[in-house]
Amino acid sequence: MRFALLHGFAGDPAAWAGVDLDATAYALPGHGGGPVAASWDGNLAQVAAMLRADELVVGYSLGARVALGLVATGRIARALLVSVNPGIADGERAARRASDARWAELLRADGMAAFVAAWEAQPLFATQSRVAPERLAARRARRLALDPEQLARSLETMGLAEMPDYRGALDRVALIAGADDARYAAIAAAAPRHQLVAGAGHDVPLEQPAALAAAIRALS
């Protein structure tokens, strides 16, 4: 089986290095995969146009939300989602949109270095302290090469506040999460088909790439 890999926000195809699969890693809009479209569905269409019909789509974080959207809208049949937030209630959207706007303002006002420092300092990523420093440095260098305006636009059109609530589609996909990422592990564990990866937090491709590959194979 051949896989299509979709990275997370402020990532790139090289984020899947070490996840040993017969796969093509694609760049998302705003991350080297063309400019960000004006709407959530427009970005889904851009990604769908890149994929091959025989690929099973595996997404991490933002890439997982995109993959879930592709399934929910009938553009693909199957997906494996790593560390996915499947959607929020309408009452939560204003607060989330305001949060994403603050990140976008940081990107535009202060640039990539300030944004990357703040982004990587979030408690969600605390378990990455266990990752080899040279791997963290390589990823940081790739992030610093991204376009801050395109990332800001990605937040504004591909952020969780703009994504439809796809929680009703979770029975059509398989979920994977890091066992040390309590919130996302709980989301995964509620799905009919799931696996938790030991020794990993939110960024499973970075923290446990070999174990992630094994989990993907087991669920595919």
Side-chain angles (χ1 to χ4, degrees), residues 3-11 15-16 25-31 33 36-53 55-101 103-104 124 151 153-178 181-197 202-205 212 215-216 219-220:
F3 299 92
L5 307 178
L6 304 179
H7 59 78
F9 179 74
W16 293 98
Y26 294 91
L28 292 173
H31 298 72
V36 177
S39 68
W40 169 262
D41 197 68
N43 286 296
L44 286 190
Q46 284 188 205
V47 175
M50 294 189 292
L51 303 175
R52 290 174 22 173
E55 292 175 319
L56 191 160
V57 180
V58 181
Y60 158 69
S61 197
L62 170 59
R65 294 195 288 109
V66 169
L68 181 56
L70 293 172
V71 170
T73 58
R75 290 178 168 100
I76 62 172
R78 299 177 62 206
L80 302 179
L81 313 180
V82 183
S83 302
V84 70
N85 187 327
I88 58 177
D90 287 346
E92 301 175 65
R93 293 186 186 278
R96 179 61 187 232
R97 193 170 286 118
S99 173
D100 287 344
W103 285 111
L124 181 66
L151 287 188
R153 292 181 184 179
S154 175
L155 286 165
E156 291 165 347
T157 65
M158 300 180 74
L160 190 59
E162 311 311 318
M163 184 184 86
D165 185 353
Y166 292 135
R167 285 176 287 184
L170 284 180
D171 60 350
R172 299 163 58 187
V173 295
L175 271 62
I176 298 171
D181 182 7
R183 179 184 177 192
Y184 286 81
I187 293 171
R193 297 178 60 238
H194 72 274
Q195 284 208 13
L196 302 182
V197 177
H202 189 71
D203 194 338
V204 190
L212 175 57
I216 291 169
L219 289 168
S220 62

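We number each residue from 1, following the sequence as shown.
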TODO: Taking the side chain as every heavy atom from C-beta outward, state whether Leu62 and His31 have any pair of such atoms under 4.5 Å apart.
DONE: yes

Task: Verdict with supporting geometry, Arg65 and Phe9, side chain to side chain contact (heavy atoms under 4.5 Å, CB included) - done: CA-CA 11 Å; Arg65 294 195 288 109; Phe9 179 74; over 6 Å; no

TODO: Not counting sequence neighbours, which residues clear side-chain hydrogen bond (donor to acceptor under 3.5 Å, both in side chains) with Asp90? List them please.
DONE: Arg93

Task: Pairs meeting criterion ring-ring contact (aromatic ring centres under 6.0 Å, His included) with involvement of residues 55-85, two or more places apart - done: Tyr60-His202

Open item on the list: Can you list everything that forms a salt bridge (Lys or Arg N to Asp or Glu O under 4.0 Å) with Arg167? Sequence neighbours excluded, please.
Closed with: Asp165

Task: Minimum side-chain heavy-atom gap Leu219-Leu175 below 4.5 Å - done: no

- [ ] Heavy atoms only: give me the nearest Leu80-Ser220 pair and the separation to one decimal.
- [x] CD1-CB, 4.3 Å

Open item on the list: How close do Asn43 and Pro29 get, counting heavy atoms only, and between which atoms?
Closed with: OD1-CB, 3.4 Å

Open item on the list: I'd like to check Leu212 versus Ile176 (side-chain heavy atoms, cut-off strictly below 4.5 Å). Are they in contact?
Closed with: yes

Open item on the list: On a heavy-atom basis, which atom in Ile187 and which in Pro86 lie closest, and how many Å separate them?
Closed with: CG2-CD, 4.0 Å

- [ ] Nearest 0.5 Å please: distance from the CG atom of Asp100 over to the CD atom of Glu162.
- [x] 7.5 Å

- [ ] Quick one: do Tyr26 and Leu51 satisfy side chain to side chain contact (heavy atoms under 4.5 Å, CB included)? Show the steps, please.
- [x] CA-CA 8 Å; Tyr26 294 91; Leu51 303 175; 3.8 Å; yes

- [ ] State, yes or no, whether a side-chain contact exists between Leu196 and Tyr184 at a heavy-atom distance under 4.5 Å.
- [x] no

Task: Rounded distance [0.5 Å steps], CZ in Arg172 versus CG in Leu81 - done: 11.5 Å

Task: Heavy-atom closest contact (Gly42 atom, Ala37 atom, distance) - done: C-CB, 3.7 Å

Open item on the list: To the nearest 0.5 Å, what is the distance between CD1 on Ile88 and CZ on Arg97?
Closed with: 8.0 Å

Open item on the list: Would the distance check show the side chain of His7 and the main-chain N or O of Leu28 forming a donor-acceptor pair, the cut-off being under 3.5 Å?
Closed with: yes

Open item on the list: Between Val173 and Val84, is there a side-chain heavy-atom distance shorter than 4.5 Å?
Closed with: no

Open item on the list: So which atom in Ile76 and which in Ala79 form the shortest heavy-atom distance, rounded to 0.1 Å?
Closed with: CD1-CB, 4.2 Å

TODO: Of all the heavy-atom pairs spanning Ala27 and Met50, show the shortest one and how long it is.
DONE: O-CE, 3.4 Å

TODO: Taking the side chain as every heavy atom from C-beta outward, state whether Tyr166 and Val71 have any pair of such atoms under 4.5 Å apart.
DONE: no

Task: Pairwise distance CZ(Arg96) to CG(Asn85) - rounded to 0.5 angstrom - done: 7.0 Å

Task: Distance, nearest 0.5 Å, that separates CG of Leu170 from CZ of Arg193 - done: 12.5 Å

- [ ] Kindly indicate whether the side chain of Leu151, heavy atoms from C-beta on, has any atom under 4.5 Å from the side chain of Leu155.
- [x] no

- [ ] Would you mind reporting whether Ser83 and Asp203 have side-chain heavy atoms less than 4.5 Å apart?
- [x] no

TODO: Look up atom CE in Met158 and atom CD in Gln46, then write down how far apart they are to the nearest 0.5 Å.
DONE: 8.5 Å

